[in-house]
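Chain letters run A, B, ... following the sequence lines, proteins first, then strands; residues in each count from 1. Note that this is a predicted model, so its numbers are computed, not measured.
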Number of protein chains: 2
Amino acid sequence: METYNDQLSGRVMLPVLGQPAAERSDAARNRQALLAVAQTIVASSGVAALSMDGLAAQAGVGVGTVYRRFKDRAGLAYALLDHGERRFQEEFLFGSPPLGPGAPPIARIRAFLHAYIDRLDTQAELHLFAECHAPTARFRSGAYQTHRAHLALLLTQARPDISANYLADALLALLGAGLFLHQRRELHLTTNQMKAGLDQLLNCLDAATEPNATRTLDAERH
Amino acid sequence: METYNDQLSGRVMLPVLGQPAAERSDAARNRQALLAVAQTIVASSGVAALSMDGLAAQAGVGVGTVYRRFKDRAGLAYALLDHGERRFQEEFLFGSPPLGPGAPPIARIRAFLHAYIDRLDTQAELHLFAECHAPTARFRSGAYQTHRAHLALLLTQARPDISANYLADALLALLGAGLFLHQRRELHLTTNQMKAGLDQLLNCLDAATEPNATRTLDAERH
DNA sequence: ACTCTAAACGGAGAAGCATCCGCTTCGACT
DNA sequence: AGTCGAAGCGGATGCTTCTCCGTTTAGAGT
């Protein structure tokens, strides 16, 4: 029933409307403490070692508190990813090209995919952890929605003839943590090889542009 | 450490080499009984209601037995998917075209994707269950390896200029149970719409064939 | 029929997730 | 400073997964 829209949100874009009643100071303190401890655990022993009970114990709070703050295991994971996600969003929404505005659509998409791969390179386990413990949540999360909207917008510009939303979902599927880890651990691909693979597909998209479709809205053909 | 290679295997293709020492009769009996009970539970109450303890209780065996037979939750799920997977493999390996041999590569790929979507339509929850409880296992499973090899072979014929293995993984990523359920539940797509989406992408692949690359190995250009 | 051993069985127990609910505390408003 | 209600706290509790290990049994060889 509940979603993780608050975590990892597209809040960056939202006006300060009905801020859902700011956290009480003790609550905020606990959240920070818990996040700090959680990060330490993950850094030192890996995500597998991160348990709700253990976290509560190490942070010196009751388990109830952990659940109140983070809802569940997946919520905790999303909270841990949130900082990086915010920065990422700022970069592709407001940063400098080619990731940020200013570059042609295909270039921005490419930059987005590359940047995403780089994030996975350091955080794939955490992403996987989050995805697995709330399987449908990835798609409902604010982060996913934002990424999807971003890609869909760019794709509409690059390929007005293809369903942009579908394509956006497709591209994001290629960035799933499970696939990434498989490619890294089993196939021993480097991030550069993955990027190259994605580039190939993008080239495909670019090359296959229908002759009568406008490739970019305002660029002349030559 | 362990994998699920035995479940959902490409055994279809394997000669009768070192059959891993046939099951003892009591073991086989228990496996059948457990699978039957598990299927009943899933059919009547959904995958969420399928617990190892409950299964053991309902089947009248100890939990240890369940774990010995199926290794873990994910293993049980894979075992439940196994029957259908065998039939699916037979169809795309030996069945009639366009799914089976005889049709041109792109047509076979399309047929494969469509058939996969149809399977997901009835079994997505079980697939998701399996994927989530052994996140990396999907990629290591015999089923995945077989699907991947199949697609890679066809892709090599259709697009010798693109890394077939990478593309195969990409296509299979689009068939993840998580994405499927998201598209069905959240976006209210029909299976036909999903198939259409996949077709669009395939058309892209087809259309973007490099002019100097041979589209099919022995077809003349005109 | 008897023996013997690898395989299978069963269930107690450890550990984790999540909930519930009575108690405590913050902080807004007098 | 004092009141008061919403929000937060915590840990007992229940349920589940999975492991471990002592006991039992199938079935091959004699």
Side-chain angles (χ1 to χ4, degrees), chain A residues 1-2 4 6 18-35 37-38 41-42 45-80 129-135 137, chain B residues 1-2 4 6 18-35 37-38 41-42 45-80 129-135 137:
Chain A
M1 194 58 83
E2 307 249 356
Y4 296 91
D6 301 337
Q19 289 268 358
E23 239 164 23
R24 235 168 66 174
S25 67
D26 50 349
R29 212 179 315 130
N30 275 333
R31 156 169 278 124
Q32 292 313 318
L34 285 167
L35 283 176
V37 173
I41 294 176
V42 170
S45 319
V47 282
L50 184 61
S51 83
M52 301 298 264
D53 284 24
L55 175 58
Q58 282 204 39
V61 304
V63 276
T65 301
V66 180
Y67 280 94
R68 168 168 283 273
R69 284 284 76 82
F70 300 112
K71 165 81 183 151
D72 59 18
R73 239 163 120 69
L76 174 60
Y78 279 122
L80 284 171
F129 183 94
E131 285 173 24
C132 281
H133 284 280
Chain B
M1 194 58 84
E2 305 251 357
Y4 296 92
D6 302 339
Q19 289 272 355
E23 239 165 24
R24 232 168 68 173
S25 66
D26 50 348
R29 211 180 314 130
N30 275 333
R31 155 168 279 125
Q32 291 314 317
L34 286 166
L35 282 175
V37 174
I41 294 175
V42 170
S45 319
V47 282
L50 184 61
S51 84
M52 302 298 265
D53 282 29
L55 175 58
Q58 282 203 40
V61 303
V63 275
T65 301
V66 180
Y67 281 93
R68 167 168 284 275
R69 283 284 77 80
F70 300 112
K71 163 86 183 148
D72 59 19
R73 241 163 118 70
L76 174 60
Y78 279 121
L80 284 172
F129 183 95
E131 285 173 23
C132 281
H133 285 279

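Note: CZ (A:R68) to P (C:dC20) measures 12 Å, nearest angstrom. Taking atom CG of residue B:L34 and atom P of nucleotide C:dA8, one finds them 13 Å apart after rounding to whole Å. Here D:dG11 presents its P atom at 12 Å from CG of A:N30, a figure rounded to the nearest Å. Put simply, CZ on A:F70 is 18 Å from C1' on C:dT19, counting in whole angstrom units. Per the geometry, CZ belonging to A:R69 stands 16 Å off C1' belonging to C:dT19, to the nearest Å. Rounded to whole Å, atom C1' of D:dC18 lies 14 Å from atom CG of B:L55.
Shown are B:N30, B:L55, B:D53; of these, the side chain to side chain contact (heavy atoms under 4.5 Å, CB included) with B:V66 is made only by B:L55.
Expressed to the nearest 0.5 Å, how far CD1 of B:I41 lies from CD of B:Q58 amounts to 4.0 Å.
The shortest distance between side-chain heavy atoms of B:D72 and B:Y78 does not fall below 4.5 Å.
Residues forming a side-chain contact (heavy atoms from CB on, under 4.5 Å) with A:A28 (at least two apart in sequence, or on another chain): A:E23. Listed by chain and residue number, A:V47, A:L50, A:L80 satisfy the side-chain contact (heavy atoms from CB on, under 4.5 Å) test with A:V42 (two or more places apart in sequence, or in another chain). In this view, B:D26 and B:R24 satisfy the salt bridge (charged side-chain N to carboxylate O under 4.0 Å, His left out) rule, not counting sequence neighbours. Residues satisfying the side-chain contact (heavy atoms from CB on, under 4.5 Å) test with A:A33, not counting sequence neighbours, are none.
Residue A:T65 has no polar side-chain atom (N or O) positioned under 4.0 Å from OP1 or OP2 of D:dG8.
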Reading nucleotides 25-30 of chain D from 5' to 3' and marking B where a protein heavy atom lies under 4.0 Å of the base, S where only the sugar-phosphate is that close, and - otherwise, the string is BSS---
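In this structure, B:R73 and B:M52 approach most closely via the heavy-atom pair N-CE, 3.8 Å.
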Polar-atom pairs under 3.5 Å, protein N or O versus N or O of nucleotides 13-17 of chain D: list them with distances, or write none.
unit_1: D:dT17; atom_1: OP1; unit_2: B:M52; atom_2: N; d: 3.4
unit_1: D:dT17; atom_1: OP1; unit_2: B:R73; atom_2: NH1; d: 2.2
unit_1: D:dT17; atom_1: OP2; unit_2: B:M52; atom_2: N; d: 3.0

